[in-house]
Structure formats: structure tokens, C-alpha cells
There are 2 protein chains.
Amino acid sequence: MPERVTLRDVAVVADVSAKTVSRVVNGDAHVTPTTRARVQRAITELGFQPNLVARSLRVGRADVIGLVVESLADPFFARLTSAVEQAAHERGLAVMVSSVGNQVPERESLVVESLLVRQVAGLIVAPMAQDHGYLAGARQRTPVVFVDRLPEGIVSDAVLVDDLAAGEVATGHLIDHGHRRVAFLGSELRNPTTRLRLAGYRRALARHGLDADESLVAVGAGSAGEARSAAEQLLGGERPPTAIFSSNMRCSLGLVPLLHGSGRTDVAVVSFDDFPMADSLVPAVTVIDHDPEVIGRAAAERLFRRLEDPDADAETVVVPFRLVPRGSGELRPPGATAGPDRERVQDPVPDDDREQDMAHHGVEGGRRP
Amino acid sequence: MPERVTLRDVAVVADVSAKTVSRVVNGDAHVTPTTRARVQRAITELGFQPNLVARSLRVGRADVIGLVVESLADPFFARLTSAVEQAAHERGLAVMVSSVGNQVPERESLVVESLLVRQVAGLIVAPMAQDHGYLAGARQRTPVVFVDRLPEGIVSDAVLVDDLAAGEVATGHLIDHGHRRVAFLGSELRNPTTRLRLAGYRRALARHGLDADESLVAVGAGSAGEARSAAEQLLGGERPPTAIFSSNMRCSLGLVPLLHGSGRTDVAVVSFDDFPMADSLVPAVTVIDHDPEVIGRAAAERLFRRLEDPDADAETVVVPFRLVPRGSGELRPPGATAGPDRERVQDPVPDDDREQDMAHHGVEGGRRP
DNA sequence: AGCGGCGTTGTCATCGATGTCAAGGCAGCG
DNA sequence: CGCTGCCTTGACATCGATGACAACGCCGCT
């Protein structure tokens with residue numbers, strides 16, 4: 001029994017050529033049933049398994065897809081990874097994962113390169129880099145689907161949430177509940193989704209005629225601990241916020257324990273992304289919910305379609321988000337009275353119209369050119 | 001400019017053989033500095049990247065490690081995955097991930113096989129299968145490190161937490177706080193860690209002279225929702241538990257919202273594994289904490305060492321766990337008085353001795369033969 | 001001058017699969 | 001019987017890298 005059984009070993013036992021064994025293994029029609037049965041017996045007897053590395057080299061492409069995310073431990077990306085892996089597995093593809101970290105966006109191109117030299121059939125990338133020109137050459141032979149944001153400098157398939165709109169909805173929700181000092185808590189600005197959510201925050205402020213106060217913007221939190229410290233500073237300022245838009249799960253995991261631990265559950269919170277126990281806390285946390293599993297699956301499907309039809313036009317899929325009111329986002333600022341905010345003179349639209357506008361934003365999924 | 005630059009292309013430009021280019025790429029000493037510089041220039045000019053699939057085929061092993069876990073979305077495994085990927089990346093290795101799911105332990109061997117045919121250099125496996133004999137042959141060429149439990153039927157490297165001891169500590173903690181109706185909430189019994197934690201639970205009961213009541217054992221929860229339903233049944237029974245040992249994070253994510261949502265925060269809880277917000281809830285959740293990052297890193301290091309020394313003896317690394325009292329596990333049962341439990345006549349050891357005993361369990365890490 | 005040793009370089013086989021295309025066998029038709 | 005077409009099979013090159021080892025040149029020593 002040789003250490004590794006090859007086509008040749010099977011060919012000897014079955015008294016055919018290795019090519020015929022290959023035909024049987026790959027379901028090629030050009031084999032007689034008699035020969036086929038004989039080869040199958042030999043395959044079973046020897047426990048033959050094709051060497052997929054050899055096949056990949058010959059074919060020029062591995063049956064593996066690459067996934068690049070910021071962090072595999074991040075709950076959002078963990079669930080996205082899981083969805084991608086499951087979709088790939090259903091197609092007989094393996095998944096090679098790689099993380100970029102949150103310190104050096106330029107690592108993205110190195111990480112992607114390390115997947116390309118392994119001949120991955122395709123890539124799903126949650127981008128952090130400023131410029132995706134590095135992918136221009138590779139994309140002729142390796143399809144790429146971007147998740148969470150559009151690439152810069154190239155046209156590619158993508159699966160997105162509208163971060164700007166979501167940031168605007170989250171912030172608008174707080175403003176609609178009377179808050180005039182709304183803070184933004186976010187990760188590094190080199191993270192494109194942070195920038196978009198911040199832009200949405202600012203657009204909501206502007207839309208309500210509120211001045212943007214940069215002392216209410218705390219970005220750069222690379223961990224839950226840093227988010228916690230940043231929130232502490234926000235709340236300890238001269239004119240502290242009465243509400244906080246926490247622009248990703250990681251920041252929320254720093255902010256919420258702080259508020260609960262320091263008895264500041266009076267501060268209104270909208271969290272971008274749901275997280276465990278958010279609805280069990282008192283008050284339960286209002287969230288912008290977008291499902292990483294939906295994103296992961298959509299990205300994988302998009303990639304499979306691209307593999308089948310390399311020359312089709314690039315397509316962007318926008319997946320829906322929704323605001324889930326649970327309590328923390330509906331808290332009123334100190335001194336505010338119940339009911340519609342009477343100070344709001346710039347926008348006479350009734351509340352129900354605004355709710356509908358939000359529902360429109362929250363439900364809309366579709367295609368973006 | 002050819003589509004793909006090979007050693008041969010570089011060799012032509014540099015006027016050397018492909019073998020010399022290979023020597024330069026691999027840092028072989030047998031190249032003159034003059035030749036080396038000339039080749040480097042050609043490499044840069046052509047943008048050459050070695051084809052790692054070709055190398056893998058020739059060498060007989062890919063520079064990829066495989067990781068097999070139950071679910072990539074599970075927070076515990078997500079963090080373990082992240083730690084493994086980072087450790088691998090530091091070594092220039094890629095990571096191929098695969099999930100088994102929680103329904104069919106036998107899928108493990110199929111999943112492992114799909115990694116083996118891709119010539120992974122080594123495997124890290126969080127096992128679910130009943131028998132690891134399927135790995136006996138492969139292990140001669142592909143090192144395996146098991147995480148979380150020892151394999152069945154083969155001797156292999158492993159990185160473990162002592163699930164039985166941890167289950168015993170968790171349950172003992174509840175008993176020490178006066179509970180006599182302690183329930184066990186767990187996943188499927190085909191999951192070996194569930195079985196060990198249940199055994200620990202039973203051992204704690206026995207140690208305190210308490211009869212095991214099977215109506216207090218709820219296993220089979222495949223999701224947080226199912227855990228929630230199981231907990232509902234436990235609490236709705238004729239003689240409901242006053243305390244619950246939730247034997248994994250997933251069960252806790254079902255149980256804790258139930259308790260909070262139904263006003264049953266009087267039920268004492270110890271959760272195996274920490275989770276986000278556990279310490280922000282009221283009462284904060286007492287947990288058995290073991291760090292998946294420590295496990296992941298230890299597993300990766302063990303695998304790297306195995307790759308360097310394939311013939312060394314198998315080794316098991318036991319990583320520490322600790323009980324983190326936060327409130328939920330220290331709740332007293334209804335009608336209990338404060339202070340030491342006067343009903344405990346079988347064990348006259350004072351509380352401080354027992355605390356020390358637990359600290360001993362919680363701190364101990366080391367090697368197991 | 002001749003020999004031996006050492007360092008560098010190159011040739012060629014190898015890894016294990018698949019693609020390309022020729023060859024052989026058989027059936028049908030004139 | 002000879003020719004043509006179709007189907008099956010096999011030979012051999014290919015994928016792109018590395019391992020094994022021979023060949024060559026140079027230097028130092030006798």
C-alpha cells in the first residue's frame with residue numbers, strides 16, 4: 001500500500017491508463033460501463049482520493065475561495081465568514097480566510113496577494129484600502145466581490161449596506177426624540193464604513209438644522225476598551241451629549257457596559273448592529289440591524305455567478321437594514337417633555353411621514369448602478 | 001507581458017536558468033551576489049510571484065493549515081479562529097476553515113478529508129466525532145492538534161480545558177450558595193464537551209450528597225432559541241430549579257434573555273463562557289471563563305512545533321479556566337438565609353477552604369500526560 | 001603542471017493531475 | 001471488401017515549481 005495513492009496506482013490495478021481513471025473520477029462520458037465499473041472497484045479498493053493541488057496546478061485555478069476581513073473575531077465578520085463558508089461548502093469549495101487588522105489598511109493588498117499566489121478561484125473582500133488599483137491586473141483571472149463598501153479605482157461586484165443612510169436614520173431617530181447633543185462614537189476614519197456612517201450622522205444633523213459640534217465626534221476606537229474611554233471623555237465634557245450613535249458593534253461593546261456600570265442609562269443610544277443581550281438590557285438597546293449572514297450569502301452567490309459568467313457587467317447588491325426600537329434610542333434628554341418636539345421649527349413634516357421615510361430607508365434593498 | 005510570470009520568464013530576462021531564479025527566490029546561498037542582483041532586478045521588473053500551488057505539489061505539502069470547528073459564527077470559535085489565523089499568518093501560513101455544524105458529528109471526517117486532499121500542512125480540529133480512527137493513516141503525513149477535547153482512538157496533540165472540573169466548579173458554586181435544585185442546560189450529548197460538563201455537574205451533585213434528578217437536565221439545544229425553550233420547560237416544571245448551570249455560551253444566549261424577559265432574574269445562573277454584556281446585565285452573569293484566544297494560540301503553536309518535530313511524543317496542553325463571580329451565580333434560593341448553609345452536614349470543610357480549592361482548579365494549567 | 005576541493009550553475013526528472021490529439025476498433029454503407 | 005464516421009482508449013505534453021546530481025571554473029597545494 002503506497003503512502004499516497006495516485007491515478008497511476010489505480011490504473012495498474014484496473015488495467016487501464018491513468019487518463020481513463022481520470023475520466024472515471026471526473027464523470028467523463030467517454031468510458032464504457034464495463035471499464036468504468038472496473039475502475040470504480042479499483043478506486044474503492046485502494047481508497048484513492050484525487051490530489052486537488054495537482055488538479056489546481058494543471059487547471060490553473062484552485063477550488064478555494066479567499067475571504068479577507070478586518071478581524072475574524074469580530075462578531076459581524078464571524079457571522080459573515082460562517083455564511084460564506086457554508087455557501088462555498090455547498091459548492092464543493094474550500095475557504096481560505098485572512099484578516100487585515102485595523103491598523104494598516106495597506107496590509108489589505110499584501111493579504112490579498114498571499115491568497116492570489118495560492119490560486120484562489122475568487123475573492124470576497126471587506127475592503128479597508130484607499131485604492132484598489134492593486135487588484136486591476138489580478139481581476140482578469142480572479143473575480144472579486146467587495147462587501148460593505150465599494151472599491152476605489154476599479155469597478156467590481158459588491159454587496160453593500162447603505163452606511164450613509166443608516167447613519168442618517170440612526171442619528172435622525174435620536175434627534176426625533178428630542179436630542180440636540182448627539183455624539184458619534186466610531187472606529188478609525190481610515191475605515192470607510194466609519195466615514196460613511198459619520199457622513200450620515202452629519203447629514204442628519206444638517207437636515208435638522210443642527211450645528212455639527214466636533215467635540216461630539218469621537219473616532220479612532222480600535223477596541224471596545226478604547227471605545228469605552230472615548231465615551232467616557234464624551235460624557236465628561238463641558239457640554240456632554242444626551243445621546244450617542246455608536247457606529248459599530250465593537251464600539252457598542254465598550255459604550256454600553258460603561259453606561260450601565262456608571263448608572264448613565266439615561267443616555268440615549270442607537271447602536272449600529274445588533275449584539276447578544278442587547279434586548280435583555282434595561283433599557284434594551286435600539287439598533288440598526290443588518291444581517292451579516294445575508295451579506296455573506298449574497299456575496300458568495302455573487303461570486304459564484306461571476307465565476308460562471310466572467311464577462312457580465314459588474315453588479316452591486318444593496319441589502320436592507322432596519323432600525324429596531326427597543327428603548328435606549330427612545331429615551332428623552334433631560335428636561336424634555338413627552339410628545340413631538342416643539343422646538344423643531346425647521347421641519348414641519350408630521351411624525352408619521354418621518355416614520356414612513358425611515359421605513360422606506362430601512363426596507364429598501366435593490367440594485368445600485 | 002505574459003498573463004502569468006513564471007520562473008522561466010525571469011530566467012530569460014536575467015540570462016540564468018530557472019533553477020537559479022528559484023534559488024534567489026528561496027534565499028539559497030549558492031548564488032553569487034552579482035547573479036542575485038541581476039535576478040532580483042528581473043523579478044521586480046516582471047512583477048514575478050511564485051506560484052505556491054506549483055510549489056506545494058512539488059514539495060508534497062501546502063503552506064496552509066486547516067481548521068475545523070463546529071461553527072465559525074459561534075463567538076467562541078470565531079475568536080479561536082482569529083487567534084489561529086493570526087498565529088499562522090506570522091509564520092507565512094494561510095488558514096483554510098471548515099465547519100462541521102452541530103447535527104451530524106460524522107461530517108467531521110468528510111470535512112477533514114476535504115482539507116487533506118488539499119494537502120494542508122497540518123490540522124487543528126475541534127472534534128465532534130465519536131471515533132478518530134479515520135485520521136490514523138493521514139496523521140503520518142499531516143499533523144493534527146485537537147482543541148477542546150481529546151480524540152477517540154488515536155493519540156494526538158491536544159489543547160484542552162478541563163470541562164469536567166469546570167462543570168463541577170460551576171455547579172458546586174451554585175450548591176455552595178444554597179441551591180438544591182440545580183438544573184443543567186446544554187447542547188446535544190453527541191457534543192463531547194457537553195457530556196464532560198454534564199459529568200462535572202453530576203459529580204458536584206454527588207459530592208454534595210445531592211440526588212441527581214434527571215428532570216433538571218435539559219440537553220439537546222442546537223440553538224439559543226432551543227435553549228430558551230428548554231429553560232422555559234425547566235422553570236415551568238412541578239419542582240422547578242432555583243439555579244441553572246448553562247453549559248455553553250449558546251445556551252446562555254437563550255437562557256439569559258428568557259430570565260430577564262420574564263422577570264425571573266431571581267434564578268441563579270452560572271454560564272460556561274463569558275459573552276458580551278454579561279457583566280452589564282442586572283444581575284451581572286457569573287461565568288466560567290476560558291479564553292478562546294489562548295486556546296487558539298496554544299493550538300497553533302503546538303501544531304508548528306509538531307511540524308518541526310514530527311516524531312516527538314504527543315502532548316496535551318491544559319489551559320486555565322476561572323470562575324468569575326458577578327452576581328447571578330451568587331443569588332440565593334427562595335427562603336434561604338444569608339451565611340453558610342446550615343443544611344450541609346456531609347462536608348464540614350469551611351468556606352475558605354472550598355474557595356481555595358476552586359482557585360486551585362481555576363488557575364491550574366499545565367501538561368497532562 | 002596536475003590534482004583535489006569547493007562553490008556556483010544548469011540539466012532534467014519529479015510532483016499528480018488534466019488537455020490534446022492520435023490510434024484502434026467497430027458498425028454501417030456502397 | 002474497402003471506406004468513413006463515431007466512440008473509446010491511451011500516449012504524451014503540460015502546469016510551475018523544487019530536488020538530485022553532474023558539470024564547470026577557480027583556487028590552493030604539492
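Just so we're on the same page: letters track the sequence lines, and every chain starts at 1.
Using a cut-off of 4.0 Å between Lys/Arg side-chain N and Asp/Glu carboxylate O, B/E301 and B/R91 are scored as salt-bridged. Under the 4.0 Å criterion applied to side-chain N and carboxylate O atoms, B/R118 and A/D63 are assigned as salt-bridge partners. Between B/D291 and B/R79 there is a salt bridge, since a side-chain N of the basic residue sits under 4.0 Å from a carboxylate O of the acidic one.
The nearest whole Å value for the distance from the CZ atom in B/R38 to the C1' atom in C/dT9 is 11 Å. One atom, CG of A/D9, and another, C1' of C/dA17, lie 13 Å apart when rounded to the nearest Å. Nucleotide D/dG10 holds its C1' atom 13 Å from the CG atom of A/D28, rounded to whole Å. The nearest whole Å value for the distance from the CZ atom in B/R61 to the C1' atom in D/dA17 is 16 Å. Atom-to-atom, CZ of A/R36 to P of D/dT8 comes out at 9 Å; the value is rounded to the nearest Å. Rounded to a whole Å, the CG atom of B/L52 is 21 Å from the P atom of C/dC15. In this structure, B/L46 places its CG atom 14 Å from P of D/dG16, rounding to the nearest Å. As a whole-Å value, the separation of B/R118 CZ from C/dA17 C1' is 14 Å.
Nearest nucleotide to the B/T6 side chain, out of D/dG16, C/dG16, C/dT8: D/dG16. The nucleotide whose nearest atom lies closest to any side-chain atom of A/N51 is, among D/dT9, C/dG16, C/dG7, C/dG16. The side chain of A/F48 lies closest to C/dA17 when the candidates are C/dG16, C/dA17, D/dA17.
Side-chain N/O atoms of A/T32 include one lying less than 4.0 angstrom from OP1 or OP2 on D/dT9. Phosphate contact (OP1/OP2 of C/dG10, side-chain N/O of B/T20, threshold under 4.0 Å): present.
Residue contacts shown for B/T35 are limited to sugar-phosphate atoms, with no base heavy atom under 4.0 Å away. Across all strands, A/V31 comes closer than 4.0 Å only to sugar-phosphate atoms, never to a base (heavy-atom distances). Using a 4.0 Å heavy-atom criterion, one finds that A/V16 contacts the sugar-phosphate atoms exclusively.
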Atom pairs, protein N/O to nucleotides 18-22 of chain D N/O, distance under 3.5 Å:
residue	atom	partner	partner atom	Å
D/dT18	OP1	B/N26	OD1	3.3
D/dT18	OP1	B/N26	ND2	2.8
D/dT18	OP1	B/R55	NE	3.0
D/dT18	OP1	B/R55	NH2	3.4
D/dT18	OP2	B/S22	OG	2.2
D/dT18	OP2	B/N26	ND2	3.3
D/dT18	O2	B/R58	NE	2.8
D/dT18	O2	B/R58	NH2	3.3
D/dG19	O4'	B/R58	NH2	2.9
D/dG19	N7	B/K19	NZ	2.7

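Between the side chain of B/R297 and the backbone N or O of B/A83 there is no donor-acceptor pair closer than 3.5 Å. Side-chain N or O atoms of B/N51 include one that pairs as donor or acceptor with a backbone N or O of B/V53 at under 3.5 Å.
Across B/L303, B/D157, B/L123, a single residue satisfies side-chain contact (heavy atoms from CB on, under 4.5 Å) together with B/V144, and that is B/L123.
For the pair B/A54 and A/H30, both in contact range of DNA chain D, the more 5′-proximal nearest nucleotide belongs to A/H30.
Residues passing the side chain to side chain contact (heavy atoms under 4.5 Å, CB included) test with A/H132 are A/E108, A/P127, A/A129, A/Y134, A/F146, A/R149, A/P151, A/E152, A/I154, sequence neighbours excluded.
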